Amino acid sequence: MKKFFKSSYFAIILLFIYVPIIVMIMFSFNAGDTTFSWAGFSSEWYTAFFNNSPFIKSIITSLFVAVVSTIISLVIGVSAAIGLSRTKKITQRKWFGIANLPLINADVVTAVSLMVVFLLAGIKFGIFTLIMAHVSFNVPYVLITVMPRLRKVDPALLEAGKDLGAKPSQVLFKIILPILKPAIITAAAIAFAMSFDDFIISYFTGGDQTNVSTFIYTAKKVKPVIFAFGTILVGVIAVAIIGWNAVSIYKQQQLQKIEQIKNDSYKIKQLSKLKKEQAELQQLFANNLVFTKTKRISLWIKYFALKVRIKIASVWNYDKKITRLEWKRNKLKNEISREKRYYARLKSATKKLKKMNHQLDQTTDVKRAAKLTIQVDKLIEKIETLNEEIEWIEAREQAELEKAHDIQIKIDKLKQDFKAEDQPSKSTIDWYNKKIKYFEEWKIEVEEGKNKYKLRMIVEHLKEINTKNYDNIILLNERLNILKELVFIKTPITAKIEEKILASTDQDVHAKLEIKKALIQEKYNAISTKKINKIDATLIKLISKIDVKKNKLAPVFDEDVQHTKGFIARTWKIFSVSMLGIAAFTGLTVAYVMNNTYDLVIANWGEYIDPKLITEFEKRYNVKVNYQEYDANETLYNKLYTFDFDVMVPSDYMVQKLVSENKLLKLSDQEWAEQINLDGYFAGIEKKQKGETEHQKISETLKTVMQGSEVEVGGKTLNITDYAVPYFWGDVILLVNPTPENKAWLNEKGIQFDASGQITNPDQLSWNILWEASQAGKRLALNNDPKNLFMLAQEVRKQEVNNSSKEDIDANFELLKSLIYSPTVSLNNDEIQSKVGTGNFDFAMIYNGDALSANQAFNHEDQEDNPNPGTTKFIFGSPAKSHGPEKKEGTNVWSDNMVISKNSKNKILAIQFLNFVIEKYVAISDYGGPTSPSQNAIDELTSDEGAYSKYKELYTLPETGGSAFHYNKELDNYLVDKYNQLITGKIS
């Protein structure tokens with residue numbers, strides 16, 4: 001096993017790196033939208049990727065920012081490197097250390113620092129701040145890549161250029177930059193990759209700009225459309241690398257071709273082969289011979305086995321062994337030459353000390369005398385060190401001489417003892433010869449010096465290795481030539497028919513055979529002549545081709561002709577590449593400007609709207625929309641520090657928070673409410689039907705829940721219906737995997753459910769069932785939202801959705817510890833859909849919309865066991881809230897709502913977008929999954945022909961049973977702190 005890992009570790013590392021990429025490529029062709037199972041082959045995600053306008057825009061932004069920041073970083077970094085190379089080493093080290101701080105510092109610290117700097121400077125967040133932020137972390141990468149190469153530039157080259165009259169600008173462009181070109185290309189590649197891939201710094205400094213990393217990181221969940229992009233990106237990188245290597249190999253081959261043409265070795269193998277074949281054919285033709293193959297199988301086996309051995313010997317690689325020996329040889333040479341240099345260095349240092357002492361005696365300047373005194377002390381110390389080394393070397397040599405003398409005494413004694421032997425046996429003779437030879441070799445090693453002896457042995461070993469394989473190949477080829485004569489036998493072309501002629505006694509038969517012999521000879525002559533002529537023509541063509549190459553490359557050989565080339569001949573390649581680069585950058589800039597000249601900025605959950613609807617809205621109103629995605633309310637809120645969106649889709653408690661901070665437009669005002677196509681939504685506003693516009697009616701249950709989300713504004717009590725138009729809504733439910741064991745366990749607890757899976761006695765259901773399930777060893781998958789988790793404990797303790805005090809939060813914290821820290825309980829974000837959808841759970845606390853998506857996936861995976869595919873298969877429900885004498889538990893009823901920023905630059909267009917979404921309630925809910933706020937849409941989607949007709953119970957929310965979360969700054973912050981403690985304890 002150890003030998004296997006030792007010989008295969010590199011392959012294992014490559015496998016570790018490339019297996020995830022292979023899996024990504026495979027799932028980019030998955031027909032389903034889950035990453036947990038294979039649903040068949042399909043290329044639909046590639047179509048979806050190219051039709052996803054926000055995704056494409058983010059890629060264009062990433063490319064534009066990466067290119068611009070790379071160019072700026074190269075100019076700054078290369079200039080800084082050249083400038084630092086002219087300073088003292090101590091200055092270089094200091095500035096180099098300062099420049100590398102962004103590489104050592106954490107990305108999140110750099111990002112927040114840059115954000116604060118831009119805020120204090122009053123700079124508008126956008127493309128400028130994003131590029132400047134990328135330049136700030138790209139310059140150090142350029143610096144650390146270019147600086148080492150710059151240190152290797154020979155100062156003599158620069159001095160030679162100046163001596164020949166070159167100006168500083170000519171030295172820079174003609175000498176320094178060409179030498180730095182490989183390092184600059186490498187630095188550009190690193191800077192581009194770092195910029196294109198950056199998320200953290202881009203997130204904090206991008207403002208309204210969304211690059212591809214931000215788009216992917218803030219998505220609600222990973223979908224195969226992202227895998228499609230990753231596969232295309234891998235393909236582009238692979239093509240670029242293969243193309244670059246192909247061009248490099250082609251250039252190398254061209255250089256080798258030029259060298260071969262120079263020394264007349266171009267196509268030499270092909271020429272030699274053709275000439276050899278020509279000579280063999282001519283010899284055969286002159287003697288009327290032809291090759292016949294032997295019928296002896298044993299000879300053929302030997303022939304092919306010998307060819308295989310020659311092939312193996314030809315490709316056998318001794319490079320590793322030779323490289324190791326050459327390394328040892330060079331190491332020994334360096335050790336020997338270093339010892340020799342001690343004497344020269346001692347002589348030079350002694351001479352220099354004498355000169356400095358003389359200068360010290362002559363000087364009257366105190367500062368110079370102090371400086372010379374320091375230098376003299378250093379020289380004295382150096383001379384003492386060298387003397388010690390030389391004394392050690394001389395002592396070693398003396399000891400070796402004495403040792404060689406002792407060895408010689410042992411050799412002489414062995415020879416005397418050998419002579420004194422009376423009729424020694426063969427074994428005794430061998431022992432004495434072996435012993436004497438050992439001591440003689442030891443003496444040579446001691447006299448010659450250990451290092452010199454090893455060096456000589458290594459050189460001899462190298463010669464042996466270099467000749468061994470060559471001699472072996474020659475020997476095998478000689479054996480092959482002998483065997484070839486036995487396998488391919490030369491026989492006259494008319495040998496068989498001449499035997500028949502000699503054996504024939506009939507004159508008529510004899511005459512016929514002579515005619516046949518003449519025909520065979522004539523045919524042989526024609527075929528042989530044709531073959532020889534064909535080889536002659538090939539030779540002439542090849543020689544002509546070589547002459548054409550020589551004439552074509554003649555200017556390359558003539559340096560005078562090279563220097564007299566015209567300006568276009570010398571610069572056409574640079575000019576072409578420059579024009580191509582300028583054209584590409586211009587096209588990228590145009591694409592960026594076209595995609596970032598927008599009229600409306602929208603922030604929404606990623607996958608809850610079809611990108612085609614955004615395109616439809618743009619075409620209808622002839623506008624451009626900047627559609628940005630985020631994965632959480634807190635992500636959206638953090639973005640508001642640097643940028644104001646026109647339209648946002650936050651959750652209910654975040655709407656309360658934004659209202660309390662006076663950041664939202666009041667939609668219930670007469671001037672705005674009349675323009676929104678909702679019937680009976682805004683209190684006190686009488687809607688006027690305009691033309692044939694159909695006003696949607698919001699679910700009364702949702703409206704009641706939203707009106708319960710109250711906020712204090714200017715001394716008045718309002719609710720979120722004054723500021724928000726609902727987008728989606730839903731509740732948190734209990735979901736049970738309907739295995740026979742789980743069904744029996746629920747029946748024991750008195751929980752009843754119908755054929756559709758809906759719990760029929762929710763008034764008997766308590767969230768405490770999750771604690772009981774964990775104690776019973778059931779697998780629990782819980783939604784990892786702080787408010788939802790603490791809502792479970794608050795409902796169990798006080799039958800309330802919202803935590804009303806810090807004491808409540810502390811008590812709930814302790815209660816949750818007993819649940820969360822159970823090994824069978826897992827906390828999940830949006831991946832809970834995949835976990836639940838594949839049946840990898842027993843009990844789950846989940847949003848009804850996520851349960852609906854998971855249910856569809858679950859049905860897809862388990863078609864055989866489900867007699868009615870497409871129907872609800874989970875057991876589901878939530879406690880029924882009651883405010884009667886016996887207060888009972890409920891659940892969180894949430895809503896995502898469309899709001900308009902108070903600082904929106906285009907409020908009319910924002911209202912039009914709200915109306916567009918209201919108009920598309922059915923399509924949006926059908927695409928996204930959660931329940932639509934419109935009663936019209938709910939009725940249509942749950943009708944017999946509706947998309948959710950078979951999931952009506954899971955899609956439709958009950959009229960009672962819960963309330964929304966409320967915003968309380970102090971309590972919410974405290975809750976998040978306790979939640980973080982809870983998660984930390986879970987991880988540890």
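Just so it is clear, the values below take in all heavy atoms, side chains as well, and ignore hydrogens, waters and symmetry mates. Predicted model, so just to flag it, every value in this text is computed and none were measured. Position 1 is the first residue of the sequence, and the numbers go up from there.
Within 6.0 Å of atom CH2 in Trp431, more than 12 heavy atoms from other residues, nucleotides or ligands are found, so the atom counts as buried in its surroundings. Counting heavy atoms of neighbouring residues, nucleotides and ligands inside a 6.0 Å radius, atom CD1 of Ile90 does not exceed 12 of them. Counted within 6.0 Å of CZ on Arg86, heavy atoms from surrounding residues, nucleotides or ligands total 12 or fewer; the atom is thus considered open.
Judged by distance alone, the side chain of Ser73 and the main-chain N or O of Ser69 form a donor-acceptor pair under 3.5 Å. Not a single donor-acceptor pair under 3.5 Å links the side chain of Ser348 to the backbone N or O of Arg345. Judged purely by atom type and a 3.5 angstrom limit, Asp198 has no side-chain atom pairing as donor or acceptor with the backbone of Met194.
For the side-chain contact (heavy atoms from CB on, under 4.5 Å) with Leu386, the lone residue among Glu389, Glu388, Lys382 that qualifies is Lys382. If you run side-chain contact (heavy atoms from CB on, under 4.5 Å) between Ser213 and each of Asp197, Ile201, Ile200, only Asp197 comes through.
Note that CG of Leu346 is 4.0 Å distant from OG1 of Thr350, once rounded to the nearest 0.5 Å. Within the model, atoms NE2 of His134 and OG1 of Thr205 stand 6.0 Å from one another, a figure rounded to the nearest 0.5 Å. Expressed to the nearest 0.5 Å, how far CZ of Phe118 lies from CZ of Phe128 amounts to 7.0 Å. The CG atom of Leu63 sits 11.5 Å away from atom CZ of Phe585, with the distance rounded to the nearest 0.5 Å. Distance check, rounded to the nearest 0.5 Å: CZ of Phe64 to CG of Asn211 gives 13.5 Å. Note: Gln256 CD to Gln253 CD = 7.0 Å, rounded to the nearest 0.5 Å.
Ile184 has its side chain within reach of Leu177: a pair of non-hydrogen atoms, C-beta onward, lies under 4.5 Å apart. The shortest side-chain heavy-atom distance between Phe125 and Leu119 falls under the 4.5 Å cut-off. You'll find the side chain of Gln408 reaches within 4.5 Å of the side chain of Asp412, heavy atoms only. Between Lys181 and Ile185 the shortest side-chain heavy-atom distance falls below 4.5 Å. Here the side chains of Phe204 and Thr642 are not in contact, with every heavy-atom distance at 4.5 Å or above. Annotation: side chain of Ile76 is not in contact with side chain of Val142 (no heavy-atom distance under 4.5 Å). Between Val65 and Gln209 the shortest side-chain heavy-atom distance does not fall below 4.5 Å. Counting heavy atoms from C-beta outward, Phe137 and Asp107 have side chains that stay 4.5 Å or more apart.
The existence of a salt bridge linking Asp417 and Lys413 is confirmed by a sub-4.0 Å separation between a basic side-chain nitrogen and an acidic carboxylate oxygen.
In terms of heavy atoms, Ile144 sits closest to Pro148 at O-CD, 3.1 Å. What you find for Met147 and Ala81 is that their closest heavy atoms are SD-O, 3.7 Å. Heavy atoms only, all atoms of each residue included: Leu74 and Ala187 are closest at CD2-CB, 4.1 Å. Annotation for Pro178 and Leu172: closest pair CD-O, 4.2 Å, computed over non-hydrogen atoms. Scanning both residues, Thr214 and Tyr203, for their nearest heavy atoms gives OG1-N, 4.2 Å.
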Give the C-alpha distance, both sets of side-chain angles, the deciding distance and a yes or no for side-chain contact (heavy atoms from CB on, under 4.5 Å) between Leu150 and Leu84. CA-CA 10 Å; Leu150 193 58; Leu84 284 175; over 6 Å; no
Give the C-alpha distance, both sets of side-chain angles, the deciding distance and a yes or no for side-chain contact (heavy atoms from CB on, under 4.5 Å) between Leu233 and Phe196. CA-CA 12 Å; Leu233 189 60; Phe196 187 83; 4.2 Å; yes
Yes or no on side chain to side chain donor-acceptor pair (under 3.5 Å) for Lys257 and Gln254, after CA distance, side-chain angles and deciding distance? CA-CA 5 Å; Lys257 191 184 292 183; Gln254 290 298 105; 3.2 Å; yes
